[in-house]
Amino acid sequence: EEPQPARTNVLNANEPPKLPKFPKLRTIEPPNKLEITIIRARNLPAKDKNIFTGKRSADPKVVVKLRERQATTKTRYNTVKPMFNETFDFHVTDPSTVLHVSVLDEDLTNSEFIGQWIMTLKYIIVDPAYCYHLEEGYIVEKEDPNDVTIRGWFPLMSRKWDKLGERGEVEMQIRWYYNPALPSEYVAPQRSALQNLEANSRETQLRLGNRERVTTMLDNQPVLFNIHRVNMYNIHFFLQDLFRGTKGHAERLRNAGKSSDDARKIKIPALDFSTAFRPRKGEPGISCYRVVYAFFVRGLLPKVFNQNILGSALTQTLNGFIFNFASTAQSLFRGDHDLIKMFQVRRGLAVGIRSYAVHVRKKLQGGQANLRVDAEDEEFLSTSTHEGYLLKGSVSKQVDFADIGYLCRFKVCHFQLKGRSLFYRPLDGTQHRKIPIEEVQLVALDRARQSIYLHRKSKLTVLQVFAMSRSDGHGRQGRFQAVVDDSVLLAWFEALKTVGVNHMEHPASPAQSPLMDLRPAEADHP
């Protein structure tokens with residue numbers, strides 16, 4: 001073979017250079033949907049005392065806040081280790097948003113604070129471990145750069161952001177990811193300058209915590225200052241804009257074709273710092289905290305509270321209030337406001353009495369600790385093998401079976417079979433309850449009466465398939481009624497058989513299915 005000519009690195013001036021081909025960069029959309037699941041809590045302090053038994057407990061609920069939006073779980077009564085397992089979705093695109101989770105104890109009049117926890121959303125993506133959490137069992141799942149999930153136990157703190165873990169812990173799962181069905185652009189809400197200032201202040205306070213934490217943070221910054229002189233001149237700001245709605249005075253002047261210099265402003269001619277930032281003799285420098293303290297407390301505030309400047313500030317504040325009141329009055333007379341909504345008075349007394357009655361009733365129902373699902377029920381967090389809606393009623397095993405239909409007070413409940421427990425929750429209830437399979441002595445299917453009987457130690461639980469009539473004939477919503485559906489009953493009967501419980505099936509003919517035979521003997525089914 002003839003040898004190939006050697007390649008040279010000399011470029012031909014008449015031909016453009018050939019650039020290497022780089023792989024096409026993938027566009028990554030920022031996350032825009034937050035899913036937070038409040039799973040359970042433990043070690044919560046007991047805030048209430050039962051006047052009958054003397055035992056201490058709590059009625060906890062969890063409030064999730066992201067700026068002006070919030071969601072609240074249902075209240076769990078008489079427990080310091082509640083099970084929630086509730087999920088909330090938020091459309092969030094701003095990574096500086098602070099996620100604030102607080103646990104409250106519901107009382108008759110108000111809700112008492114128990115503990116709180118925060119996290120800035122950007123850390124879910126850039127550093128998921130940058131939050132207060134327990135190391136044991138902490139899980140981070142990163143499907144994509146814009147899809148991160150964290151799960152674990154998070155310790156609560158007091159109002160002053162101390163006593164970490166002494167207020168209990170909350171188990172949560174938090175996922176922030178990109179959902180193409182939601183917009184990715186951040187749309188700022190239409191708020192006045194004062195509302196924006198208040199919102200920013202609240203969020204900044206959540207990030208910083210209490211004064212001791214801020215002081216410690218600034219004092220421990222790895223930098224010291226030695227500044228001999230600082231001068232600031234011609235400081236102008238518009239205080240009245242805080243009270244003028246969504247548009248400031250200068251902006252309104254510009255929209256009217258006038259110069260914004262005509263707007264009245266507060267003027268500080270000069271701020272002179274000649275000794276405030278100097279260290280004492282023998283010190284290498286001053287900390288960040290002393291710089292901030294010297295600037296605001298010793299420099300800016302004395303100038304602002306100067307007589308002339310303070311008088312101008314009060315005048316602008318009054319002008320802003322007058323302008324806001326006048327704008328509201330003009331809108332009212334133009335018909336822009338709904339008079340019915342503005343002057344609607346809530347029936348406070350009736351609502352209060354009704355809420356008191358509901359609170360007391362649910363506390364009494366929540367006292368059955370042997371049936372209540374709490375944070376220690378690990379089976380509740382597993383996947384259900386069978387679930388659906390059924391009518392549930394319970395009667396004493398000493399009554400005649402012919403009277404079951406009259407004595408049972410049936411309720412629609414959502415049932416879930418998980419592991420060795422049958423969990424259920426009434427449609428009008430907030431807490432899940434459980435029937436341990438170990439307590440069920442016999443499961444009997446009676447096709448003649450379209451019922452499943454769970455024979456327990458001291459009671460008989462009756463399950464039936466239901467349907468709801470559209471109307472009761474007077475234009476009102478109908479009631480739930482039992483219907484004939486063998487397929488649903490058989491499916492539940494087969495599911496209960498798989499967990500190893502004693503079972504029996506009665507004939508379809510009522511004559512061949514005497515009611516008294518439904519009662520199992522204690523010796524046969526211990």
Side-chain angles (χ1 to χ4, degrees), residues 31 33-45 47 58-76 79-107 110-125 127-141 148-177 199 201-210 213 374-375 381 430:
K33 184 176 182 180
L34 181 73
E35 290 182 359
I36 175 170
T37 301
I38 308 298
I39 302 174
R40 52 185 169 174
R42 65 187 181 189
N43 301 328
L44 300 180
K47 295 288 186 178
D59 306 323
K61 63 181 179 181
V62 180
V63 180
V64 181
K65 288 185 179 181
L66 287 99
R67 293 182 177 172
E68 67 275 0
R69 291 164 295 174
Q70 75 173 38
T72 307
T73 66
K74 295 180 175 62
T75 305
R76 303 299 190 257
T79 179
V80 292
K81 46 182 180 180
M83 175 71 76
F84 296 102
N85 204 29
E86 299 184 31
T87 302
F88 306 104
D89 297 337
F90 297 92
H91 176 215
V92 188
T93 56
D94 188 359
S96 65
T97 305
V98 174
L99 172 62
H100 183 212
V101 178
S102 56
V103 181
L104 307 177
D105 176 35
E106 184 179 282
D107 291 328
N110 55 7
S111 296
E112 188 176 356
F113 178 84
I114 293 180
Q116 60 183 343
W117 177 87
I118 66 162
M119 184 178 188
T120 306
L121 290 187
K122 65 180 180 182
Y123 293 116
I124 298 179
I125 302 297
D127 188 3
Y130 191 73
C131 64
Y132 289 113
H133 64 275
L134 303 185
E135 293 294 339
E136 183 179 359
Y138 189 68
I139 301 174
V140 177
E141 298 177 356
V148 181
T149 302
I150 59 176
R151 175 170 179 167
W153 287 95
F154 302 90
L156 301 174
M157 289 177 282
S158 67
R159 285 188 182 275
K160 296 182 178 180
W161 298 104
D162 55 3
K163 300 180 180 180
L164 181 65
E166 297 182 19
R167 297 304 182 98
E169 300 98 27
V170 177
E171 186 181 11
M172 297 183 290
Q173 177 175 298
I174 306 170
R175 181 189 179 194
W176 197 26
Y177 65 101
S201 298
R202 284 194 300 267
E203 205 162 46
T204 303
Q205 185 176 2
L206 287 176
R207 292 192 189 97
L208 298 179
N210 55 20
R213 289 178 60 185
D374 56 30
L381 300 177
T430 59

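All heavy atoms count here, side chains included; hydrogens, waters and symmetry mates do not.
- Counting heavy atoms from C-beta on, the side chains of Leu66 and Leu121 come closer than 4.5 Å.
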Practice problem: Determine, step by step, whether Thr72 and Leu104 satisfy the side chain to side chain contact (heavy atoms under 4.5 Å, CB included) criterion, reporting the C-alpha distance in whole Å, the side-chain angles of both residues, the deciding distance to 0.1 Å, and the verdict. | Solution: CA-CA 10 Å; Thr72 307; Leu104 307 177; over 6 Å; no
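- In this structure Asp162 satisfies the side-chain hydrogen bond (donor to acceptor under 3.5 Å, both in side chains) test together with Ser158, sequence neighbours excluded.
- A search for ring-ring contact (aromatic ring centres under 6.0 Å, His included) contacts involving His133 returns Tyr138, not counting sequence neighbours.
- By the 6.0 Å contact criterion, CD on Glu112 is enclosed, its count of non-hydrogen atoms from other residues, nucleotides or ligands being greater than 12.
- A 6.0 Å sphere centred on CD of Glu68 holds more than 12 heavy atoms belonging to other residues, nucleotides or ligands.
- By the ring-ring contact (aromatic ring centres under 6.0 Å, His included) test, Trp117 pairs with Phe154, sequence neighbours left out.
- For the 3.5 Å distance criterion, the side chains of Thr73 and Glu86 fail to qualify, holding no donor opposite an acceptor.
- Atom CD1 of Ile39 is separated from atom CD of Glu171 by 4.0 Å, given to the nearest 0.5 angstrom.
- With hydrogens and angles disregarded, no donor-acceptor distance shorter than 3.5 Å links the side chain of Arg151 to the backbone of Glu141.
- Here the NZ-CZ distance, from Lys65 to Phe90, works out to 11.5 Å after rounding to the nearest 0.5 Å.
- Remark: the backbone N or O of Val98 is paired with a side-chain donor or acceptor of Glu203 at under 3.5 angstrom.
- Heavy-atom neighbours of Lys122 NZ from other residues, nucleotides or ligands within 6.0 Å: at or below the threshold of 12.
- Closest heavy-atom contact between Ala58 and Pro45: CB-O, 4.0 Å.
- In this structure, CH2 on Trp153 lies 8.0 Å from CG on Asn43, to the nearest 0.5 angstrom.
- Considering every non-hydrogen atom in both Ile124 and Val148, the closest pair reads O-CG1, 3.2 Å.
- Closest approach of Trp176 and Pro95 over heavy atoms only: CH2-CA, 3.7 Å.
- Between Ile125 and Pro31, some side-chain heavy-atom pair lies under the 4.5 Å cut-off.
- With Phe113 as the aromatic partner, Arg159 meets the cation-pi criteria of under 6.0 angstrom to the ring centre and within 45 degrees of the ring axis.
- When all heavy atoms of Leu44 and Pro82 are compared, the pair lying nearest together is CD1-CD, 3.8 Å.
- A donor-acceptor contact shorter than 3.5 Å links the side chain of Thr79 to the backbone of Lys81.
- Side-chain atoms of Thr120 and Tyr130, non-hydrogen and from C-beta on, never get closer than 4.5 Å to each other.
- Atom CZ of Arg175 is separated from atom CD1 of Ile150 by 13.0 Å, given to the nearest 0.5 angstrom.
- Interatomic distance, CE of Met172 versus CE of Met119, reported as 9.5 Å (0.5 Å rounding).
- For the atom pair CG (Asp107) and CG (Asp105), the distance works out to 4.5 Å, reported to the nearest 0.5 Å.
- When all heavy atoms of Gly115 and Arg167 are compared, the pair lying nearest together is CA-CB, 4.2 Å.
- Side chain of Arg76 to backbone of Phe84: a donor-acceptor contact under 3.5 angstrom is found.
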